[in-house]
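Step one of this worksheet: look at the structure below.
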Amino acid sequence: MHVLVTGGAGFLGSHLCDALLAEGHSVVCADNLLTGRMENLAHLRHESRFVFLEQDVSQPFDPGKVDYIFHFASPASPVDYLKHAIETLQVGSLGSLNCLELAKNYGAKFLLASTSECYGDPLEHPQKETYWGHVNPIGPRSVYDESKRFAEAATMAYHRHRRVDTRIVRIFNTYGPRLQINDGRVISNFMKQALRGEELTVYGDGSQTRSFCYVSDEVAGILALSKSDEHGPTNIGNPVEFTILECAQAVLEVTGSSSKLRFEPLPQDDPRQRRPDIGKAKRLLGWEPTIDLRSGLRLSLDYFKAAVQAR
Ligand code: UDP
């Protein structure tokens, strides 16, 4: 198969490119390098089945005939999408419409990378796909939340009205090697701070929760979904929930660091709790994650050590 991955120079997109190449497909990666990095693709330099296209997918573009489109382009960490607010809105709206048009014109299948942010600060816990969410439409995070909600609406509209064969994955907090150490995410910040012997910055009182999925589990779930016939949104994430204080503890243990904690203000609209209900993915795809947080952090340790040293 000939596959287009938008956002393929990003953390998750680059792991997806690797997995698709490993399955024998050829891959075109389109990325404007706003938050993606060529370093994530450096190992593919001599791969004949891989082509990199420096392209803003919010502008109309044509990569040639493809059989499958994985639309992953978007800033994805809160620090990145707050800094690139307009670009985030553009890639979720114009970028998604451009990619859906390509899928329609080439008769390609389409998979949208959506997000647990669609649930906002959720009033239902854990979050099932049937929950419509609790999103502040004008808050600072709305540029990401609402553009992904628009992208989901666009995907379903192309499915219903243009007969595009679509899928939607709702991705929960994912981590692993290639996470950019300055993207402001909790795992990148804590790993970097612990390895430097700096204080770990806990926002609020650290009682808010997240559920962290190791990247190889996430990619396996996405690939399984891509091969299924399920068109409705599907949660792919790890259902084991941690408070941010517990996450800090896990990072300190795995790094062997004696860093202390420093408490800082909680960002506006920071979700109180987040945990996927993965019943649907288990039932439909026979998928569930296999790597727990401490194991995943250990698997990421060498990468973070090297990234901290390189700076
Ligand atoms: N967080 C924190 N310290 C940091 C970075 C993040 O306490 O240095 C918290 C943040 O307030 C949120 C959680 O960790 O409650 C996850 O934040 P992240 O930016 O990784 O992603 P989010 O799940 O909010 O999109």
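Every number for a ligand or one of its atoms is a count from 1 in the order of the listing.
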Minimum heavy-atom distance between Pro63 and Leu53, given as atom pair plus value: CB-CD2, 4.2 Å
Side chain, backbone, both or neither: the part of Arg185 lying under 4.0 Å from ligand 1 by heavy atom: both
For ligand 1, the portion of Val186 having any non-hydrogen atom under 4.0 Å away: both
Ligand 1 contact by Gly184, heavy-atom criterion under 4.0 angstrom: yes
Closest protein heavy atom to atom 15 (O) of ligand 1, given as residue, atom name and distance to 0.1 Å: Asp270 OD1, 2.6 Å
Contact check: Gln208 vs ligand 1, nitrogen or oxygen atoms, below 3.5 angstrom: yes
Sub-6.0 Å ring centroid separation between Phe52 and Phe50: no
Numbering as shown, the atoms of ligand 1 that approach Arg274 to under 4.0 Å (heavy-atom distance): 22 (P), 23 (O), 25 (O)
Donor-acceptor pair between Glu87 and Ser58 side chains, under 3.5 angstrom: no
Distance from atom 7 (O) of ligand 1 to nearest protein heavy atom, with residue and atom: Tyr203 N, 2.8 Å
Distance filter under 4.0 Å to Asn189 heavy atoms, resulting ligand 1 atoms: 4 (C), 5 (C), 8 (O)
Exercise: do Asp67 and His25 side chains pair donor with acceptor under 3.5 Å: no
Ligand 1 atoms in contact with Glu117 (distance to a heavy atom under 4.0 Å): 25 (O)
Per-atom contacts of ligand 1 with Ile244, taking only distances under 4.0 Å to non-hydrogen atoms: 7 (O), 13 (C), 14 (O)
Aromatic ring pairing Tyr175/Tyr214, orientation class (parallel under 30°, perpendicular over 60°, tilted between): perpendicular
Distance filter under 4.0 Å to Val202 heavy atoms, resulting ligand 1 atoms: 7 (O)
Donor on one side chain, acceptor on other, Asp183 and Ser188, under 3.5 Å: yes
Within reach of ligand 1, part of Asn173 (heavy-atom separation under 4.0 Å): side chain
Under 3.5 Å side-chain donor-acceptor pair for Asp62 and Tyr106: yes
Donor-acceptor pair between Ser116 and Asn173 side chains, under 3.5 angstrom: no
Side chain, backbone, both or neither: the part of Glu264 lying under 4.0 Å from ligand 1 by heavy atom: neither
Arg141 and ligand 1 - part of the residue with a heavy-atom distance under 4.0 Å: side chain
Nearest-contact summary for atom 16 (C) of ligand 1 - protein heavy atom, Å: Arg210 NE, 3.6 Å
Proximity winner for atom 3 (N) of ligand 1, if only heavy atoms of Thr201, Thr209, Thr174, Leu261 are counted: Thr201
Check: His125/Glu241 side-chain N/O donor and acceptor closer than 3.5 Å: yes
Short side-chain donor-acceptor distance under 3.5 Å, Arg272 and Ser207: yes
